[in-house]
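Protein chains get the first letters and strands the later ones, always in sequence-line order, with residue 1 at the start of each.
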Amino acid sequence: MTFLLVRVDDRLLHGQVIFGWGERLQPRCYLIADDQVASDVWEQDAYRAGAPPGVRVEVRDLQTFTQSWNSHEDPGGTVVLIRGLEDLARLHQGGFRPEGGINLGGRHAPAGSLELLAFLHLTPPEAAALRTLIAEGVSLYAQELPGSPRYGSEILQARLTGLRE
Amino acid sequence: MTPGARISGVLVTHGALGAELLKTAESILGPQDDIAVLSNAGKPLDLLQAELEGLMQGMHPRVLFVDLLGGSCGHVCALMQRRFPRLLLATGVNLPMLLEFLHHRERVPPADLKQRLLERGRDGIRCLGWESGEEA
């Protein structure tokens with residue numbers, strides 16, 4: 001299964017995604033893999049209300065997503081959104097292997113986090129999840145917007161080492 | 001809402017947009033009370049939501065203004081509006097809409113205010129020039 005973009009972003013569907021990436025990639029569907037949103041119809045409605053006209057917003061809980069991502073009915077370009085690295089690690093363990101790399105797009109400073117990049121603040125469990133994903137050979141890159149710098153796995157690995165010290 | 005009571009509001013926006021909008025409005029109308037600003041800059045969604053809840057409990061706003069419905073600000077405000085149906089969520093806030101609110105919030109009933117915000121906000125948007133052929 002090929003997606004236009006698979007992005008880890010704690011804001012899920014928001015301005016940078018809709019206007020920054022969406023204007024470039026022109027997706028017809030945003031597919032949110034998230035337990036919280038999947039359990040809250042109001043929140044799903046709020047995301048749908050904010051999506052561009054004619055663009056579908058689909059929501060799956062993580063378990064359903066791991067079982068169904070490879071048979072996703074793509075209406076002409078889909079962007080997958082995942083809230084955090086621990087969720088991504090769960091999806092990876094469940095067999096999520098999209099073609100192309102996975103974009104780490106935004107983690108805004110939660111309490112007790114360390115700055116990996118200006119737009120990527122990680123808690124210790126999130127940093128551990130990232131180390132594991134890199135060690136298992138998952139292709140990751142950090143990039144906030146289409147025109148902004150791209151940091152590959154090697155750079156992320158080096159920065160993680162710096163965080164640990 | 002009795003006539004004469006001042007309706008309070010919160011500007012929930014990206015970056016410094018809300019603060020600058022309010023500052024600019026105050027430079028036109030003078031200092032304003034019962035209006036707060038909340039920025040999403042650097043905040044995870046749950047923190048933005050918690051800060052908005054703090055404002056809800058502290059100042060009981062009736063109107064939330066957001067810049068972008070599809071953004072994180074619009075998202076947390078849409079969730080708040082569902083929880084508090086008496087809230088009005090006004091999206092695409094611009095200076096004409098904010099000035100209309102600040103100027104009329106003590107003078108007109110809420111239903112009229114809602115219509116005024118929509119009309120003034122939209123009416124402020126024009127594209128002048130580039131008549132046929134001139135854009136080339």
Please tabulate the donor-acceptor pairs under 3.5 angstrom that span chain A and chain B, backbone and side chains included.
{"from": "A:Arg11", "atom 1": "NE", "to": "B:Lys43", "atom 2": "O", "distance (Å)": "3.3"}
{"from": "A:Arg11", "atom 1": "NH2", "to": "B:Asn40", "atom 2": "O", "distance (Å)": "2.5"}
{"from": "A:Arg11", "atom 1": "NH2", "to": "B:Lys43", "atom 2": "O", "distance (Å)": "2.8"}
{"from": "A:Glu43", "atom 1": "OE2", "to": "B:His75", "atom 2": "NE2", "distance (Å)": "3.1"}
{"from": "A:Tyr47", "atom 1": "OH", "to": "B:His75", "atom 2": "NE2", "distance (Å)": "3.3"}

### Query
Taking a hydrophobic cluster as the set of Ile, Leu, Val, Met, Phe, Trp and Tyr residues connected by side-chain heavy atoms closer than 4.5 Å, whether directly or through intermediates, do B:Leu118 and B:Leu95 fall within one such cluster?
no

### Query
Are A:Phe3 and A:Val55 linked, directly or through other ILVMFWY residues, by side chains that come within less than 4.5 angstrom of each other?
no

### Message
On a heavy-atom basis, which atom in A:Ala109 and which in B:Pro44 lie closest, and how many Å separate them?
### Response
O-CD, 3.6 Å

### Under 4.5 Å from a heavy atom of chain B, the part of A:Leu13 involved
backbone

### Message
Hydrophobic clustering (ILVMFWY, side-chain heavy atoms < 4.5 Å, transitive) - are A:Ile155 and A:Leu120 grouped together?
### Response
yes

### Query
More than 12 heavy atoms of other residues, nucleotides or ligands under 6.0 Å from CD of A:Gln26: is that the case?
yes

### Query
Side-chain heavy atoms under 4.5 angstrom apart, residues restricted to Ile, Leu, Val, Met, Phe, Trp, Tyr: same cluster for A:Ile102 and A:Phe65?
yes

### Task
Please name the pair of heavy atoms, one in A:Ala46 and one in B:Leu79, separated by the smallest distance, quoted to 0.1 Å.
CB-CD2, 4.1 Å

### Query
Are A:Leu25 and A:Ile32 linked, directly or through other ILVMFWY residues, by side chains that come within less than 4.5 angstrom of each other?
yes

### Task
Answer with side chain, backbone, both or neither: which region of A:Phe119 has an atom nearer than 4.5 Å to a non-hydrogen atom of chain B?
neither

